[in-house]
Amino acid sequence: MAKPIRAKRGGTKRFFGWSALAGIVSAAVFLAVAELLALLFARGGSPLLAVGSFVIDIVPQPFKEFAIATFGEYDKIALLVGLGLAVLIASAIAGVLELVRPPLGAVALGIAGVLSVAAVVTRAGATAVSWIPSVAGAIAGAALIIVLGRMLRAWRTDSARASDAASGTADSPASGVARRRFLLIGGIAAAGAVVVGIGSRVAGATTSSIAAIRRGLNLPAPQSTVTVPAGAELDIEGISPLYTPNADFYRVDTALTVPSIDPETWRLTVVGMVDTPLELTFDDLVGMGLDEYSVTLTCVSNEVGGDLVGTAKWWGVPIRDVLRAAGPAAGADMVLSRSVDGYTASTPLESLTNDGLDAILAVAMNGEPLPLEHGFPVRMVVPGLYGYVSATKWLTELKVTTFADDEAYWTPRGYSAEAPIKMSSRIDTPRPGNPVAAGRVPIAGVAWAQTVGIDRVEVSIDDGDWQVANLSTAVGVDTWVQWYVDWDATPGTHYVTVRAVNAAGETQTQERAPIAPDGSSGWQRTLVTVT
Ligand SMILES: Nc1nc2c(c(=O)[nH]1)N[C@H]1C(S)=C(S)[C@@H](COP(=O)(O)O)O[C@H]1N2
Ligand SMILES: [Mo]
């Protein structure tokens with residue numbers, strides 16, 4: 001008769017499920033212990049964040065572009081969810097291994113501990129104690145998986161005995177003891193891990209103290225402010241505002257958590273090929289006198305027609321003044337700027353020392369201290385260069401060096417070491433997929449050619465003649481301009497194409513280029529439906 005064997009098989013399957021759960025609970029205890037210790041005394045020792053940051057640094061470029069294109073601003077959340085799923089699956093497998101081949105499950109958790117130590121100690125800002133949370137977490141997780149594995153095997157033995165005796169009936173009273181123990185210990189561990197882990201992560205992630213310091217920060221008024229001429233801002237529904245509100249300003253960076261920096265302890269060091277290495281405090285910097293600058297920032301990842309571009313009024317100090325005090329040595333041609341999170345950018349020295357170019361150390365954005373996610377307390381802003389080679393947020397060091405000797409974060413990852421912003425124009429309205437009613441319809445948008453200025457914007461409807469658009473009055477060459485044409489829209493579908501001409505008389509290139517290695521190009525052409 002086959003019945004007892006079938007019953008046994010079914011029982012084994014059930015234990016696979018319990019063992020997978022035991023693995024997941026053990027991994028949760030690993031992470032919870034590590035998060036708690038990281039919160040208490042080893043900031044930056046969080047294995048989940050360190051491994052996440054490590055993954056961000058090593059994933060191939062096309063994958064990163066896919067992530068940004070698919071998840072946009074939520075790319076980091078998507079990464080954490082993906083990482084969480086991977087941890088879930090791996091820990092379930094570890095649990096099953098511990099059931100069938102002890103102590104392989106514990107070994108797997110040990111390996112996870114080694115990997116997270118490796119990720120933690122190689123992060124920028126790692127300290128002598130950063131490894132402790134990962135090691136302690138791995139020990140706790142491995143101990144638990146061994147204990148739960150033993151209890152589970154005891155339960156299985158009991159239940160097999162019982163089923164031999166009673167031919168497939170449920171667990172005997174004897175097996176109830178092992179089962180209850182397993183469920184009790186596992187349940188307590190699971191609940192504890194959830195409470196401690198989530199509590200520590202939330203507490204660790206709150207930057208409320210720095211947010212409060214930022215709110216209480218009183219910056220001196222700038223010595224000069226930007227004059228916005230009459231006619232600089234057009235009143236057209238759907239066009240980008242001249243100045244992008246901070247809350248709407250695009251954000252691009254590799255930081256999984258926003259660095260929390262107290263301006264009191266912030267220091268900027270100027271090192272490398274200089275006569276006099278410098279160290280500046282926040283007060284030193286602000287004490288040099290702030291001025292207001294209007295600059296349009298652009299990301300190299302901005303596709304034609306894309307929204308990774310924005311304009312703000314920045315308060316800051318010219319970088320040339322700081323560099324002059326340090327005295328760059330002959331032969332230097334690059335400044336490698338470094339963020340507290342280890343991110344680096346390579347900016348041509350000439351772009352930072354040139355008297356005609358307002359490269360600044362910025363401390364305020366649109367009249368308030370830099371928002372935390374935009375680089376509080378100090379970032380760079382350099383007109384005319386894509387953000388990844390110039391706009392280092394959470395700035396902490398300027399190293400005067402050469403392109404031959406030093407390499408920035410994105411250089412070995414498929415992007416050019418030097419990257420001036422390509423002139424571009426964008427249609428803000430009408431938008432594809434938003435049909436408009438026939439009649440007078442404004443076609444409007446923005447165009448930018450930082451350091452040179454926009455001379456003209458031209459629009460073509462259905463590949464007809466180029467019409468010259470009306471321009472807003474320019475604030476300056478580093479700020480985008482708004483443009484519009486009045487269109488007598490007739491029912492049907494129409495193509496609208498835009499191109500710009502800069503103040504040097506050059507026409508925006510029609511040639512399509514992808515964002516890597518040094519920025520997209522081509523004319524935006526959209527399909528508009530008129531009803
Ligand atoms: N520390 C740090 N600074 C950084 C980056 C980064 O990843 N880390 N990204 C750069 C890139 S690619 C761009 S486009 C700008 C974006 O600045 P924003 O997020 O304030 O718009 O910041 C630059 N500064
Ligand atoms: Mo960027």
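This is a predicted model, so every value here is computed, not measured. Indexing begins at 1, ligand by ligand and atom by atom, following the structure's order.
Closest of all the heavy-atom pairs between R320 and D358 is NH2-OD1, 3.5 Å. Closest of all the heavy-atom pairs between S390 and M380 is O-CB, 3.1 Å. Closest non-hydrogen pair, I56 versus T254, comes out as CD1-O, 3.8 Å.
Not a single N or O atom of T298, backbone or side chain, sits closer than 3.5 Å to an N or O atom of ligand 1. When only interatomic distances are considered, the shortest N/O to N/O separation between V252 and ligand 1 falls below 3.5 Å. Between T254 and ligand 1, at least one N/O pair is under 3.5 Å apart. At a 3.5 angstrom cut-off on N or O pairs, H374 counts as close to ligand 1.
The part of S339 lying near ligand 1 is the side chain, judged by heavy-atom distances below 4.0 Å. Contacts with ligand 1 closer than 4.0 Å are made by heavy atoms of both the backbone and the side chain of Y250. At a heavy-atom cutoff of 4.0 Å, ligand 1 is contacted by the side chain of F249 but not by its backbone. Residue-level proximity to ligand 1 for L308 is absent, since no heavy atom of it falls below 4.0 angstrom. With a 4.0 Å heavy-atom cut-off, ligand 1 is reached by no atom of W410.
Of all atoms in ligand 1, listed by their number and element, those nearer than 4.0 Å to a heavy atom of D341 are 1 (N). Within the listing of ligand 1, atoms 3 (N), 24 (N) sit less than 4.0 angstrom from a heavy atom of T392. With ligand atoms numbered from 1 in the order given, ligand 1 contributes 14 (S) to contacts under 4.0 Å with heavy atoms of C299.
Looking only at side-chain heavy atoms (C-beta outward), T402 and M273 come within less than 4.5 Å of each other. Residues V322 and L361 are in side-chain contact: their nearest non-hydrogen atoms beyond the backbone lie under 4.5 Å apart.
Environment of OH in Y409: crowded, with over 12 heavy atoms of neighbouring residues, nucleotides or ligands closer than 6.0 Å.
The closest side-chain donor-acceptor pair between E397 and S337, if any, does not fall under 3.5 angstrom. For the residue pair S460 and Y495, no side-chain donor N or O sits within less than 3.5 Å of a side-chain acceptor on the partner.
At least one cation-pi condition fails for K393 and Y343: the charged atom is not both under 6.0 angstrom from the six-membered ring centre and inside a 45 degree cone around its axis.
Among the candidates T298, T296, D478, the single residue satisfying the side-chain hydrogen bond (donor to acceptor under 3.5 Å, both in side chains) test with Q450 is T298.
Under the 4.0 angstrom criterion for non-hydrogen atoms, A391 is in contact with ligand 1. Taking a 4.0 Å cut-off on heavy atoms, R379 registers as neighbouring ligand 1.
The protein heavy atom nearest to atom 19 (O) of ligand 1 is K393 NZ, 2.5 Å. Regarding atom 12 (S) of ligand 1, its nearest protein heavy-atom neighbour is Y388 CB, 3.5 Å. The single protein non-hydrogen atom nearest to atom 2 (C) of ligand 1 is Y343 CD2, 3.3 Å, given as residue, atom name and distance.
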